[in-house]
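Working notes, structure below.
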Protein chains: 2
Amino acid sequence: MIRITREADYGIVLMTCLARVDGQPRSAATLAQQRHLPLPMVGKILKALARAGLLNSQRGAQGGYGLARPAAEISAADIIGALEGPLAITECSTDMHDGCSRQDHCEVSSHWPRINQAIYAALQSISLEEMSHPDPPRPLHFHPSQRTATAGIAGRPV
Amino acid sequence: MIRITREADYGIVLMTCLARVDGQPRSAATLAQQRHLPLPMVGKILKALARAGLLNSQRGAQGGYGLARPAAEISAADIIGALEGPLAITECSTDMHDGCSRQDHCEVSSHWPRINQAIYAALQSISLEEMSHPDPPRPLHFHPSQRTATAGIAGRPV
DNA sequence: CTAATCAGTACTGTATTAGTTCTATTTGTG
DNA sequence: CACAAATAGAACTAATACAGTACTGATTAG
Ligand code: FES
Ligand code: FES
């Protein structure tokens with residue numbers, strides 16, 4: 001099943017925590033305790049998010065992390081991308097792409113980028129602000145294309 | 001990075017092959033050779049797709065696999081779902097959900113299903129027919145939501 | 001009957017992930 | 001200044017998941 005890593009999962013959880021206090025910095029230890037997450041993990045994740053420019057960090061006593069921009073301007077894609085590297089749903093669609101020996105005679109290769117973009121857009125369309133409110137207020141900004149049947153034998157969304 | 005397994009990757013490749021011959025069955029061996037994929041893998045994947053009802057299988061000599069419905073009515077989501085199980089981007093959002101001990105004090109949990117749905121819709125909107133034509137004719141059926149900035153420091157789509 | 005082909009399951013080596021640990025650096029406070 | 005509180009960064013380990021293989025059994029055309 002398509003999964004994000006737990007790092008990204010935690011990342012979103014932590015970001016929502018920070019979004020709720022709006023700019024005020026919190027230390028890694030505080031957040032770990034609040035969310036009952038392992039402290040070393042939290043540290044690692046916050047460091048990565050800071051490196052990616054999504055968080056401001058303040059070192060030293062009384063230091064901590066705070067959002068670098070308003071929650072409305074941070075998307076799920078930003079957070080996941082920061083923690084998992086550039087979005088690429090198959091190895092075939094990465095930039096380096098040294099691996100796939102089959103590309104020469106592959107008719108699908110040209111379509112992977114589209115699939116990536118579709119997913120990226122989906123994640124981009126969900127803002128941290130929306131996620132940090134307990135109730136999902138708005139419906140999805142998604143326009144699911146008027147295709148025919150596509151009856152879902154396969155995995156329905158949960 | 002958000003990745004589908006290679007099984008699903010190959011699955012899409014194989015399905016496009018079958019889509020191009022429109023209904024005519026091909027044997028696993030034939031497809032494996034055509035695409036230079038390891039035969040045992042191909043066998044495994046086609047079996048799974050047949051179990052999921054996306055392919056018809058014919059046993060015995062001269063047997064093989066053919067699409068169970070028109071390519072236009074099969075989506076990327078169907079194929080991926082068949083090979084990877086129900087789409088669930090985090091363990092928190094699976095049905096069983098026995099794992100996540102943090103759910104009680106988790107404000108994000110209610111949003112995971114939305115993220116899942118967004119991705120699911122994105123995958124659903126791409127049909128096998130579109131994928132089996134070498135040239136991407138239509139633009140994305142996606143309406144990327146009028147949000148403000150979300151400047152992409154993080155992973156841009158590739 | 002026999003060969004071709006799918007069905008199903010169990011196994012293994014490898015790669016990735018989850019999580020820890022340690023050292024260095026920065027900075028507020030007494 | 002000395003110290004404590006915090007982040008920065010990298011290296012390491014154990015568990016898990018994936019990719020690929022192997023084998024046995026069932027079905028069917030010729
Ligand atoms: S299988 Fe890699 S480019 Fe198509
Ligand atoms: S972290 Fe699992 S439900 Fe929120």
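A note on names: the letters A, B, ... follow the listed sequences, proteins ahead of strands, and every chain is numbered from 1. No experiment lies behind these values; they were computed from the predicted model shown.
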Problem set entry | Heavy-atom donor-acceptor pair, B:Arg26 side chain to B:Gly64 backbone, under 3.5 Å | no
Exercise. Which of these nucleotides, D:dC18, C:dT20, D:dT21, is closest to any side-chain atom of B:Thr5?
Worked result: D:dC18
Exercise. Are B:Arg3 and A:Glu84 ion-paired here, with the side-chain N under 4.0 Å from a carboxylate O?
Worked result: no
Exercise. OP1, OP2 of D:dA29 versus side-chain N and O of B:Gln58: anything below 4.0 Å?
Worked result: yes
Exercise. Can you find a side chain N or O atom of A:Tyr10 that sits less than 4.0 Å from OP1 or OP2 on C:dG19?
Worked result: yes
Problem set entry | Listed partners of B:Ser57 passing side-chain hydrogen bond (donor to acceptor under 3.5 Å, both in side chains), at least two apart | none
Exercise. Side chain of B:Lys44, base of D:dG20: donor and acceptor closer than 3.5 Å?
Worked result: yes
Exercise. Expressed in angstrom and rounded to an integer, what is the separation of B:Leu39 atom CG from D:dC23 atom P?
Worked result: 14 Å
For this session: Please state whether the phosphate of D:dG9, meaning OP1 or OP2, lies under 4.0 angstrom from any side-chain nitrogen or oxygen of A:Arg51.
Result: yes
Exercise. Quick one: is D:dA5 close enough that its OP1 or OP2 comes under 4.0 Å of any side-chain N or O from A:Ser27?
Worked result: no
Exercise. OP1 or OP2 of D:dA4 less than 4.0 angstrom from a side-chain nitrogen or oxygen of A:Gln62, does that happen here?
Worked result: no
For this session: Look at the side chain of A:Arg69 and the backbone N and O of A:Glu73, then say whether any donor-acceptor pair between them is shorter than 3.5 Å.
Result: yes
Distances for protein N or O near nucleotides 22-26 of chain C N or O, under 3.5 Å:
{"residue": "C:dT25", "atom": "O2", "partner": "A:Arg59", "partner atom": "NH1", "Å": "3.0"}
{"residue": "C:dT26", "atom": "O4'", "partner": "A:Arg59", "partner atom": "NH1", "Å": "3.4"}
{"residue": "C:dT26", "atom": "O2", "partner": "A:Gly60", "partner atom": "N", "Å": "3.4"}

